[in-house]
Visitor: 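Before we start, here is the structure in question, set down as structure tokens.
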Number of protein chains: 2
Amino acid sequence: MNSAPQPLYRQVKEHVLRQIRSGDWPTGHRVPSENRLVEEFGVSRMTVNRALRELADEGVLRRLQGVGTFVARPSRQTSLVELRDIADEIRSRGRVHRARMTARGRVPTTAVLHQRFEDASLGHLFHLVLVHLENEVPVQIEDRYVHPQVAPQFFDQDFEHVTPTEYLLSITPVSELEHVVRATVPNATERALLELGIHEPCLVVHRRSWSWGRVATDVTLTYPASRYELRGRHRTSPTGTLDGVQHAAS
Amino acid sequence: MNSAPQPLYRQVKEHVLRQIRSGDWPTGHRVPSENRLVEEFGVSRMTVNRALRELADEGVLRRLQGVGTFVARPSRQTSLVELRDIADEIRSRGRVHRARMTARGRVPTTAVLHQRFEDASLGHLFHLVLVHLENEVPVQIEDRYVHPQVAPQFFDQDFEHVTPTEYLLSITPVSELEHVVRATVPNATERALLELGIHEPCLVVHRRSWSWGRVATDVTLTYPASRYELRGRHRTSPTGTLDGVQHAAS
DNA sequence: AAGTGGTCTAGACCACCAG
DNA sequence: TGGTGGTCTAGACCACTTT
């Protein structure tokens with residue numbers, strides 16, 4: 001099954017992430033020096049260097065020449081596109097939320113999913129398709145994949161009463177979010193599920209959430225353009241651009 | 001001035017980006033092999049490997065084991081969270097940015113604009129419409145209103161060379177941002193400016209920026225759905241705050 | 001002076017793909 | 001079979017910070 005062994009630099013990265021996940025290495029904790037890790041793992045310094053450099057590029061670690069390597073602060077900034085539960089949103093507008101399940105099961109992991117979950121050893125994933133209705137009008141298709149180790153009891157839940165978002169937030173913290181937003185022309189299935197007119201475009205949000213250093217869930221949310229828009233408002237720090245610039249430069 | 005010489009791997013990266021920018025290496029072009037670049041630059045293969053690997057990680061190149069390295073299709077993503085200059089984005093992908101101005105002038109403030117600028121005493125506003133092109137392909141309509149007191153010399157700028165975003169960021173800090181994202185069917189004007197096919201939807205971002213406690217600028221960005229998507233990625237903070245190490249770091 | 005990270009070399013072995 | 005990228009080694013020199 002698990003044919004390909006992880007490269008050494010990945011093993012070192014995983015080791016560091018495990019220490020951080022477990023809480024043994026809190027924010028600001030000093031990571032062993034490269035030479036120390038070379039001894040521990042019996043690998044060359046270039047290999048350790050690549051592992052630590054990539055983790056620094058990803059924002060997990062902070063490195064200071066002549067000083068050392070430290071566990072980075074989990075960042076400033078709150079979300080623009082927040083992780084809101086659609087059932088909450090609908091209820092807060094005084095409407096009635098209902099969810100209809102149209103697919104549910106374990107699925108084998110395809111090449112694309114391996115890539116999106118950044119984990120080549122994943123055997124299968126939980127998969128789910130829900131249609132969310134506001135006062136019986138469909139407003140969102142939720143097409144979700146979930147890492148089975150993050151939520152082993154995922155399918156014990158009743159997702160017509162507790163949304164996947166609500167459940168997942170209750171069992172695991174989200175450390176990182178990625179959103180990709182597109183406008184699309186829906187296919188026939190989507191048009192039917194959302195009861196759309198012809199030529200009506202959709203807004204598609206593709207979202208990945210990280211927990212404990214790995215991708216926990218990957219969800220595609222499809223909204224009818226005529227019935228939904230996305231809104232975000234947040235304060236910025238005037239000095240906040242420096243990190244990004246440095247990162248972009250490298 | 002420029003005391004520190006660039007590391008070799010950076011020089012290799014810059015060389016590749018220059019070829020792409022100049023158009024010598026179009027999308028899909030085969031990049032010389034690592035061994036070939038080793039000869040050209042007189043550096044070790046590890047150095048070339050790091051350059052090409054980082055460019056692949058950044059989405060500029062595509063690498064296939066046993067086959068070769070190729071110039072990737074431009075992803076044309078823009079940030080949801082940050083306020084990035086589109087010219088910067090395009091250049092960082094190794095493409096050529098150009099802007100075409102299609103409207104420019106002072107306009108009287110309508111009721112809607114009074115509302116959006118949250119200022120009933122505003123007499124007039126600066127208004128501007130630009131089309132941004134990536135390698136001569138239109139990718140964004142920028143329809144912008146600017147508060148005259150925030151940028152009195154706004155129209156002294158040459159906006160085909162310095163983008164409004166770049167200019168405004170240079171003269172004033174942004175303290176707050178609001179984004180509204182929609183999917184729309186473009187009207188005839190928009191379809192012409194973006195050279196769109198029939199029934200092709202657009203992604204519309206409506207953004208307001210605050211400076212010095214008031215709305216500084218209100219801009220509507222229209223993207224062809226087929227050529228652009230919006231991306232946002234950020235960390236949330238489940239764990240504690242910073243400590244002495246981080247302080248010493250900054 | 002000692003330790004840290006940043007970079008670089010000149011080899012090497014491997015998996016993969018094309019002819 | 002030859003070329004490609006993916007990884008790894010065992011050194012090395014350097015800039016930098018702390019002691």
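So that the names make sense, note that chain A is the first sequence line, chain B the second, and so on, each numbered from 1.
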Visitor: So H132(B) and L221(B), do their side chains get closer than 4.5 Å, heavy atoms only?
Guide: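 Not in contact.
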
Visitor: Write down the atom of G28(B), the atom of F70(B), and the distance for their closest heavy-atom approach.
Guide: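 Shortest heavy-atom contact: O-CD2, 3.6 Å.
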
Visitor: Using whole Å, report how far CZ of R36(B) lies from P of dG3(D).
Guide: 13 Å

Visitor: Would you name the heavy atoms of L122(A) and F117(A) that are closest together and state the gap between them?
Guide: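 Closest approach of L122(A) to F117(A), heavy atoms only: CD1-CB, 3.7 Å.
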
Visitor: Base, sugar-phosphate alone, or nothing: which one does R50(A) contact when heavy atoms must sit under 4.0 Å apart?
Guide: sugar-phosphate

Visitor: With V48(B), which residues qualify under side chain to side chain contact (heavy atoms under 4.5 Å, CB included), at least two apart?
Guide: E34(B), L37(B), V38(B), V43(B), L52(B)

Visitor: Checking side-chain contact (heavy atoms from CB on, under 4.5 Å) against V204(A), which of V181(A), V180(A), T222(A) comes through?
Guide: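 Of all the options given, the one that passes is T222(A).
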
Visitor: Of V31(B) and Q65(A), whose nearest nucleotide on DNA chain D comes first from the 5' end?
Guide: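 With V31(B) and Q65(A) compared, the 5'-side residue is V31(B).
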
Visitor: How close do G68(B) and R30(B) get, heavy atom to heavy atom, and via which atoms?
Guide: CA-NH2, 4.0 Å

Visitor: Between R95(B) and T27(B), does any side-chain donor sit less than 3.5 Å from a side-chain acceptor?
Guide: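 Looking only at side-chain atoms, T27(B) and R95(B) do form a donor-acceptor pair, the distance falling under 3.5 Å.
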
Visitor: Going by distance alone, is a donor N or O of one side chain under 3.5 Å from an acceptor N or O of the other, for H147(A) and D218(A)?
Guide: no

Visitor: Answer with base, sugar-phosphate or nothing: what part of the nucleic acid does L64(B) contact at a heavy-atom distance below 4.0 Å?
Guide: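 Sugar-phosphate, no base atom in range.
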
Visitor: With nearest nucleotide decided by heavy atoms, which residue, S44(B) or S33(A), maps closer to the 5′ end of DNA chain C?
Guide: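 In this pair, the answer is S33(A).
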
Visitor: Taking all non-hydrogen atoms of both residues, which atom of P148(A) and which atom of L125(A) are closest, and how far apart?
Guide: CD-CD2, 3.9 Å

Visitor: Taking any atom under 4.0 angstrom from a heavy atom of chain B, which nucleotides of DNA chain C are the first and last to qualify, 5' to 3'?
Guide: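 In short, chain B contacts DNA chain C from dT7(C) to dC17(C).
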
Visitor: Please compare P32(B) and G66(A) by the position of their nearest nucleotide in DNA chain D and report the one closer to 5'.
Guide: P32(B)

Visitor: Can you tell me the distance, in whole Å, between the CE atom of M46(B) and the P atom of dG5(D)?
Guide: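 So the CE-P distance, M46(B) to dG5(D), works out to 15 Å.
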
Visitor: Rounded to the nearest Å, what distance is computed from the CD atom of residue E34(A) to the P atom of nucleotide dC16(D)?
Guide: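 Taking atom P of dC16(D) as the reference, CD of E34(A) is at 17 Å.
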
Visitor: Need the bend value for the helix from dA1(C)-dT18(D) to dA18(C)-dT1(D): angle between end axes, 5 pairs each end, nearest 10°.
Guide: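 Between the first-five-pair axis and the last-five-pair axis there is 0°.
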
